[in-house]
Chemist: 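The structure that follows is given in the form of structure tokens.
On a predicted model such as this, the values are computed, not experimentally measured, just so you know. So you know, we letter chains A, B, ... as the sequences are listed, proteins then strands, and number each from 1.
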There are 2 protein chains.
Amino acid sequence: MLKYEVVASDLRNRIESGQYKANEQLPTIAEMCKIYGVSEITVKKATEQLAGIGLISTRKGSGSYVKGDVGAFLRDPSAEMSGQMAGFKAEHEQLGAEVTSLVKTFEVIHPEPEVAERLSADAADFVYRIVRVRLADGMPLVVEYTYMPISIVPGLRLADVESSIYEHIEQGLGLRIDSAHRIVRAVMPTPQEREWLGLAPDTPLLEVEQVGFLDDGRPFEYSVARHSGDRYSFHAVAKH
Amino acid sequence: MLKYEVVASDLRNRIESGQYKANEQLPTIAEMCKIYGVSEITVKKATEQLAGIGLISTRKGSGSYVKGDVGAFLRDPSAEMSGQMAGFKAEHEQLGAEVTSLVKTFEVIHPEPEVAERLSADAADFVYRIVRVRLADGMPLVVEYTYMPISIVPGLRLADVESSIYEHIEQGLGLRIDSAHRIVRAVMPTPQEREWLGLAPDTPLLEVEQVGFLDDGRPFEYSVARHSGDRYSFHAVAKH
DNA sequence: AAGTGGTCTAGACCACTTC
DNA sequence: AAGTGGTCTAGACCACTTC
């Protein structure tokens, strides 16, 4: 583990265990340098990371403070952090759930104009089109519509689509996933989606439209995920 | 403007103007040091900021790259970035809209248990309860339910509530707003909300539940904002 | 006046990519 | 072997807060 990760994870443990309490001032950066035997910049990087996930706030000329009431926000198991991108399988397995997928469509097509634009692809290129219902412990949670250029993600098989496409991209192809741009909306399900997700009437969905990027900047995925509304929420930390 | 801001904003301009194109490699960090006459850490801070808003990705041992197709994501005017927190008024005035508010309720009450918990307050404390319909250019966009402890935000008047509570907190009280924890969900409107927002039947809302924090870590605001679904979306950048 | 976090420097070392 | 971004150091200076 890197030095700043050691500092950040130790501070995090002390905050979550209540050793540093809500609204309390943390040791100064100079003190933390002595405590952990590291330089100022290393401590700074650790506190920036904690501020980024919303655990502390820092105040110039004054000190660093533990935020009040972070518990409910961080502990919510039905929540995904907007800052993290792990893929459906990794995310739910981390919570101890067994993940399965019903593959409704797995085909290769020419992309519609909107999909082509998002993938920086041409209408003449081939892309996979995948429709999946994804379940955790047998409960249908989300319908995912995924498009990927076959030129970037070659050799995708039904077995990959049934388990985890991200695993095929990272382990199988040796590519590195960097980040994603997401747009979140509230929508109503189609009749088909209502049936697949087993929804009561008048249940809205949370739609997450996403463009995923590799670490060389290329978009490798365009997807629309429509999440069962009463079983899903989305967490974010906003800075002023 | 700070040095790293100068570098970041210059790089951003060159990317958005197309001088550095999608999927293209940026100058190396060492080259940028020479170009801008700054140290490595300063360039690094600038590239980290750009990676944070999803404009570039960096690849160890290889280089920094402009992300493909960032245009649509960054230009969408109906979108709020999850990473930013400006308040409704500042956000929409930036887009050139005239912001008004219909104050439906403005009272002082003892908080319900859930509100008290979020505000780290006691059931015996007094909090403002404010219900507002907020409009941009006369179009109702969102219903906001806001709770704030009177001990932290004293002297709030109807005039503040009608324009901007954040202005009163920052300019009037000299407090500094640091950040907010947000939870986003899809919900159906109540009949009252449907009327206030002028919604067609079967239109869902995007609910943003938020706890706002001052820079000393104290929660000063608990609010639930329910956004008209077809006129609102929420942008985020997720890191792998 | 003393203490605090934020920015910035020159330079070292490392792991990884590219050739 | 050469080039690249990522981490880390010791130290300087500054703006701001606190007393």
Side-chain angles (χ1 to χ4, degrees), chain A residues 1-9 11 20 23-52 55-67 170 173-179 213-218 239-240, chain B residues 1-9 11 20 23-52 55-67 170 173-179 213-218 239-240:
Chain A
M1 207 158 51
L2 296 167
K3 287 190 182 184
Y4 77 87
E5 290 174 333
V6 172
V7 177
S9 110
L11 287 173
Y20 296 142
N23 300 322
E24 202 172 280
Q25 185 170 357
L26 290 172
T28 66
I29 287 184
E31 286 168 350
M32 291 196 224
C33 290
K34 284 183 191 160
I35 293 171
Y36 298 105
V38 298
S39 73
E40 282 192 22
I41 278 184
T42 301
V43 169
K44 194 76 220 325
K45 195 152 187 173
T47 58
E48 273 169 7
Q49 199 182 61
L50 295 179
L55 216 53
I56 68 172
S57 55
T58 60
R59 199 180 183 194
K60 189 174 180 177
S62 170
S64 302
Y65 301 84
V66 181
K67 276 196 191 166
E170 300 209 283
L173 298 173
L175 298 174
R176 211 154 296 168
I177 296 169
D178 177 78
S179 58
F213 294 90
L214 300 175
D215 69 350
D216 61 2
R218 283 182 299 168
K239 294 282 164 189
H240 190 45
Chain B
M1 206 155 56
L2 296 167
K3 288 191 182 182
Y4 77 87
E5 291 174 331
V6 172
V7 176
S9 111
L11 287 173
Y20 296 142
N23 299 324
E24 202 173 278
Q25 186 170 356
L26 289 172
T28 67
I29 288 183
E31 284 166 351
M32 292 196 222
C33 290
K34 284 184 193 160
I35 292 170
Y36 298 104
V38 299
S39 73
E40 281 191 23
I41 279 184
T42 302
V43 169
K44 194 76 222 320
K45 196 154 187 170
T47 58
E48 273 170 7
Q49 199 181 60
L50 295 179
L55 216 53
I56 68 173
S57 57
T58 61
R59 199 182 182 193
K60 189 174 182 179
S62 171
S64 302
Y65 301 84
V66 181
K67 275 196 194 167
E170 299 209 284
L173 297 173
L175 298 173
R176 210 155 297 167
I177 295 169
D178 177 78
S179 57
F213 294 89
L214 300 175
D215 68 350
D216 61 3
R218 284 183 297 168
K239 294 282 164 189
H240 189 47

Chemist: When you measure from the side chain of Q49(A) to the backbone N and O of Y4(A), does any donor-acceptor pair fall under 3.5 Å?
Modeler: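 No; judged by distance alone, with no hydrogens or angles, the pair does not exist.
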Chemist: Give every pair of a protein N or O atom and an N or O atom of nucleotides 14-16 of chain C that lie under 3.5 Å apart, one pair per line with the distance.
Modeler:
none

Chemist: Below the 4.0 Å mark, does dC8(C) have OP1 or OP2 next to a side-chain nitrogen or oxygen of Y4(B)?
Modeler: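 For dC8(C), neither OP1 nor OP2 has a side-chain N or O of Y4(B) closer than 4.0 Å.
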Chemist: Test side chain to side chain contact (heavy atoms under 4.5 Å, CB included) on N23(A) and V66(A) and set out the steps.
Modeler: CA-CA 5 Å; N23(A) 300 322; V66(A) 181; over 6 Å; no
Chemist: 5'-most contact on DNA chain C: Y65(B) or M32(A), nearest heavy atom basis?
Modeler: M32(A)
Chemist: List the residues meeting side-chain contact (heavy atoms from CB on, under 4.5 Å) with V38(B), not counting sequence neighbours, and say none if there are none.
Modeler: K3(B), V7(B), Y36(B), T42(B), V43(B)
Chemist: Please list residues of residues 35-43 of chain B whose heavy atoms come under 4.0 Å from any atom in DNA chain D, ordered by number; otherwise none.
Modeler: I41(B)
Chemist: Does Y65(B) have any ring pair (Phe, Tyr, Trp, His ring centres under 6.0 Å) partners at least two apart in sequence or in another chain, and if so, which?
Modeler: none
Chemist: Go ahead and write out DNA chain D as dot-bracket, 5' to 3': ( ) for pairs within the strand, [ ] for ones crossing earlier pairs, | when the partner sits on another strand, dots for unpaired; Watson-Crick or G-U wobble, both distances under 3.5 Å.
Modeler: ||||||||||||||||||.
Chemist: With E48(B), which residues qualify under side-chain hydrogen bond (donor to acceptor under 3.5 Å, both in side chains), at least two apart?
Modeler: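 Listed in chain order: K44(B).
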Chemist: Give T47(A) one of three labels, base, sugar-phosphate or nothing, depending on what nucleic acid heavy atoms sit under 4.0 Å from its own.
Modeler: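 Since no nucleic acid heavy atom lies under 4.0 Å of T47(A), the category is nothing.
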Chemist: Choose from dT18(C), dG6(C), dC8(D) the nucleotide whose nearest atom is closest to any side-chain atom of K3(A).
Modeler: dC8(D)
Chemist: Taking D215(A)'s backbone N and O only, do any of them form a donor-acceptor pair with S57(B)'s side chain (distance below 3.5 Å, no angle check)?
Modeler: yes
